Amino acid sequence: MLGAGLAKGMRETARNFIGSYLEYERLTTVEYPEEKIPAKETARQFPFLVYDGDDPEAGLRCVGCQICEKECPPQCIYIEKSKEKKPDHMGKMQLYPHTFDIDISVCMSCQICVEVCPFEAIKMDTEFEYSTTDRFGGLLADKHMLAKSNEHYNRIHPTEASAVDAKRKNDREVAAAKAKAKEEAAKAEAAKSKTDG
Amino acid sequence: MSGPLAQYLVLAALLFAIGLAGALSRRNAIVVLIGIELMLNAANLNLIAFWRYGPNPEALEGVIFVIFSIGIAAAEAAVGLGLIITVYRHFKSTSVEEFGELKG
Amino acid sequence: MLENIFVVAKQSVMGFLSGFLPEASLPFISSFLSIAPILGIFPLLFALTTIFERKGLGRIQNRRGPNRVGIPMTDIRIAGFGQFIADGIKSLTKEDIVPSSADKLIHFLAPVALIIPVLLMFSVLPFGKNLVPLDMKNGLLFFFAVGAASELSIFMAGWSSRNKYSLLGAMRAIAQMISYEMPFILSSLVVVMAAGSLSLVDIAEAQTGGIWNWHVFTPWGLLGMILFFIAAMAEANRSPFDLPEGESELVAGYFTEYSGFKFAIFFMAEYLGLFAALSVWITLFFGGWNGPFGQYSLLPSYLWFMLKLVLCIFFIIWIRGTMPRIRMDQLMNFAWKFMLPMCLINLLGAGSGYYIRQTFPQSPLAGWFFEWLVVGTALFWIWLELGDRIAGKALTQKREYRYADQ
Amino acid sequence: MQSAFYILALLTIAGALGAMNFKRLVHCVLSLVVCFAGLAGLYLNLNAQFAGLVQLLVYVGAVAILVVFAMLLTRNAEDAPQNAGSTDWYLGLGVASMVFLILAFAVQGSELGAAETGKLSDPSVKAIGKSLMTTYVLPLEAMALLLTSALIGAVVIAKGPEEGGKP
């Protein structure tokens, strides 16, 4: 019958109309600034730098190798290396970045910097509310703005971060074992030379 | 004769003359048709004016005549414009000078 | 007391003014006092409808709709009902852009030529008992005649913009409005036959005395009500017949090149035309300003009228939230192959219904029953047959593309 | 009523002159609509309400739209030049002014008693309908036949030969 389909459709829309007032779950949107949907674990917005421990200066994982700077397609990363070195988590002496700037207004969230970093130092944040009235200065993030703790990383990407932590722990153990073996070898060498000499 | 009836009759005559001048002098067939419509309307105005100021306004001849006239004008416009469109398809023009070639 | 408050108010104002104003100016003052409330109430209703429509459509799609704009400088949101004021201010202060190749004069005149006939339509509507600005003997004819004049304004808007989207939108609008003009008029004729008058006041008065006197409760009235509603939606370019302004293919149709307040006038004219058509719908089939309980009126007549109008507005929002836009060929097929024959058959049904009722002069109930039994069954059967055989086929058939399918 | 007559007459004549003199076809049509609306106003002024409203409905709502459609379907001919000063033009103007002068003199010189009917009759739609269905039923049926045949004829003429079929 002509019109029966229309009646069916109108019943459906009426159910939606009334239901949207009664059942909160029906609403597909939230009222944004007051309510927020928590970010998905795989979400990515803009990069940040990971540091270990409490001191952002000392614990920064970045060694200033400039691979990300070279790989960045829109070239929004600017790095200046330091002159002196300091030990990293495995005790190896490394440079660190004297300056590390990212122009957020240029960044296109491609995550290539994260892919290429061999030190697990740069990761993607889920934070996106960077709006500012200062178009140029306000969106240029420097090292202090970018540095965020490993706990923050663990909070936003738990699966990925625990894998990274395990790998780094393993690296540290391997390095420690290697250092110990080297030390023992050196000790044995010394003992041997002593016995020899 | 003077008075309101004469006013309406002179107005209708003027309308008729304008329509006639247009129908005779313009080349575009659509404008010619508009001129013919104007002449028909002048006649309708005459009918209504005569009915209103005539001796027997209780009889409805004037109004009924106008209603029929309007109906015929609508039919005439539909057929006339259909003809113009057909001729346009053939000659790619609506100038009445082209229409002269239609004679057998 | 409350029933005649407007009449009494106007009379007292006129009595007060006639004391010191010249005699010749009084008819103008009287007209002004009749027109001013219409010019105040219906644009306000339009503004409220825009916000109700957006909220209602949102809820139908499980969204919230606009709920932000409230009182400026405060946090009070009044559920978003400040939105229409903000929209009004925005369209008033926006730049008015005229395309450089446009026909400037016609481009300027088109919105004016559209809003005048639309407002004229309101002049014959009976909003309540004794509340009609112009009680014309041919009120319904006036409504249709003036409504027909708005087609040309749409053509003016589309043509003068020198834009192919505008022109296509205008062509679609004219074709659609001409096609649905006939069902629009023919479907209302059943009520004219029943009431024996073209005056909308007489038609409304013929339905006094309770809900069972409304024309919608007769078989031909029910069918006429449906047909009139469909035709009115098409005349007002309202969803699902909003092809002339199909955003997905024509940008905005005939008012693509209009901006600022001229655009607002087009928008308002569309809604005011819709309100006028709905008001006529109410008057013809739903008793006009009559309350449903006979002599226990409960509310003043104008409030009954406004209540019905607001319910109708909610109904059309509901329809808009439900139906997708139909295709041009479906539109034409539906008008010529279903609406027009159905309207003519309905005229026949109204005539036979009248004679069936005449055969039972003693018991109106028996007449009513037999009318439903005979005419109602026949019309329902024809609806089914015509609907499935012709309209159903025309509406569901696959469209044949002349160039794209090769 | 006299001032209304002058305003409406001015509107009608201006519309008619525009319809005949504008260069652009669209302006002609819109001007024609002004003329039709003025005529409808004159009918209302003459107390022929029904005729006036039918005039508005049919001429403004249908005939003008038909002309617009024909104009849009024959778009190449939009700017037909008007040959002011040619023989056709002089001929048309001459004949038309002759006709007008003769008619105007005839009207002025007529002895016809201008019956100043005091009572304004306002025919009800019911009376018109009744006489259409009784006295004038034959013309009405002829009219219906004419309109139907005109409808079919217009469709057949304008549709042209079937696509791909025989011409």
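Convention: sequence-line order gives letters A, B, ...; per-chain numbering from 1. Note: hydrogens, waters and symmetry copies are ignored here, and every other heavy atom, side chains too, is used. Please read these numbers as outputs of a predicted model, since none were measured by experiment.
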Checking [X] against chain D: side chain, backbone, both or neither under 4.5 Å from a heavy atom?
X     : answer
B:F68 : both
B:V10 : both
B:V31 : both
B:L14 : both
B:L83 : both

Checklist entry - Has D:F100 got more than 12 heavy atoms of other residues, nucleotides or ligands less than 6.0 Å from its CZ? => result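 Counting other residues, nucleotides and ligands, CZ of D:F100 exceeds 12 neighbours.
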Next on the checklist: Give the interface residues of residues 58-65 of chain D toward chain B, defined by a heavy-atom separation under 4.5 Å.
Outcome noted: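 So the qualifying residues are D:V58, D:Y59, D:V63.
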Item to check | chain B-proximal positions within residues 143-153 of chain D [heavy-atom distance under 4.5 Å] | outcome: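 Answer by number: D:M143, D:L146, D:L147, D:A150.
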To the nearest 0.5 Å, tell me how far [X] [atom1] sits from [Y] [atom2].
X      : Y     : atom1 : atom2 : answer
D:L42  : B:L45 : CG    : CG    : 6.0 Å
D:L132 : B:I67 : CG    : CD1   : 6.0 Å
B:I85  : D:M71 : CD1   : CE    : 11.5 Å
B:I30  : D:L25 : CD1   : CG    : 5.0 Å
D:Y6   : B:L11 : OH    : CG    : 10.5 Å

Is chain B contacted by the side chain of [X], its backbone, both, or neither, given a heavy-atom distance below 4.5 Å?
X      : result
D:L66  : both
D:L140 : both
D:V99  : side chain
D:L39  : side chain
D:A142 : neither
D:F69  : neither
D:T12  : both

Item to check | Trace of the side chain to side chain contact (heavy atoms under 4.5 Å, CB included) decision for B:Y8 with D:N45 | outcome: CA-CA 11 Å; B:Y8 280 102; D:N45 203 21; 3.5 Å; yes
Next on the checklist: Only heavy atoms, only distances under 4.5 angstrom. Which residues in residues 33-41 of chain B are near chain D?
Outcome noted: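 Checking residues 33-41 of chain B against chain D gives B:I34, B:G35, B:E37, B:L38, B:N41.
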Minimum heavy-atom separation for [X] and [Y], please, with both atom names.
X     : Y     : answer
D:A48 : B:I48 : CB-CD1, 3.8 Å
B:V66 : D:A51 : CG1-CB, 4.3 Å
D:L46 : B:W51 : O-CZ3, 3.9 Å
D:A96 : B:A17 : CB-O, 3.3 Å
D:A16 : B:I18 : O-CG2, 3.7 Å
B:L81 : D:A70 : CD2-CB, 3.4 Å

Checklist entry - Where do B:I64 and D:S131 land on the side chain to side chain contact (heavy atoms under 4.5 Å, CB included) test, with the steps shown first? => result CA-CA 9 Å; B:I64 301 238; D:S131 57; 3.2 Å; yes
Next on the checklist: Quick check on the interface: out of D:V29, D:I102, D:I13, who has the most heavy-atom pairs with chain B under 4.5 Å?
Outcome noted: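 Between D:V29, D:I102, D:I13, the count favours D:I13.
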Checklist entry - Under a 4.5 Å heavy-atom cutoff, which of D:C28, D:G92, D:S97 has the most pairs with chain B? => result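 The candidate making the most pairs under 4.5 Å is D:G92.
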Checklist entry - Could you give all pairs that pass the side chain to side chain donor-acceptor pair (under 3.5 Å) test and reach residues 67-82 of chain B, with sequence neighbours left out? => result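 Residue pairs with at least one partner in residues 67-82 of chain B: B:N44-B:S69.
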Checklist entry - Could you walk me through whether D:Y136 and B:L60 pass the side chain to side chain contact (heavy atoms under 4.5 Å, CB included) check? => result CA-CA 11 Å; D:Y136 304 100; B:L60 296 165; 5.7 Å; no
Next on the checklist: Checking B:L24 against D:L91 for the side chain to side chain contact (heavy atoms under 4.5 Å, CB included) test, could you report, in this order, the C-alpha distance in whole Å, the side-chain angles of both residues, the deciding distance, and whether it holds?
Outcome noted: CA-CA 8 Å; B:L24 285 178; D:L91 191 76; 5.8 Å; no
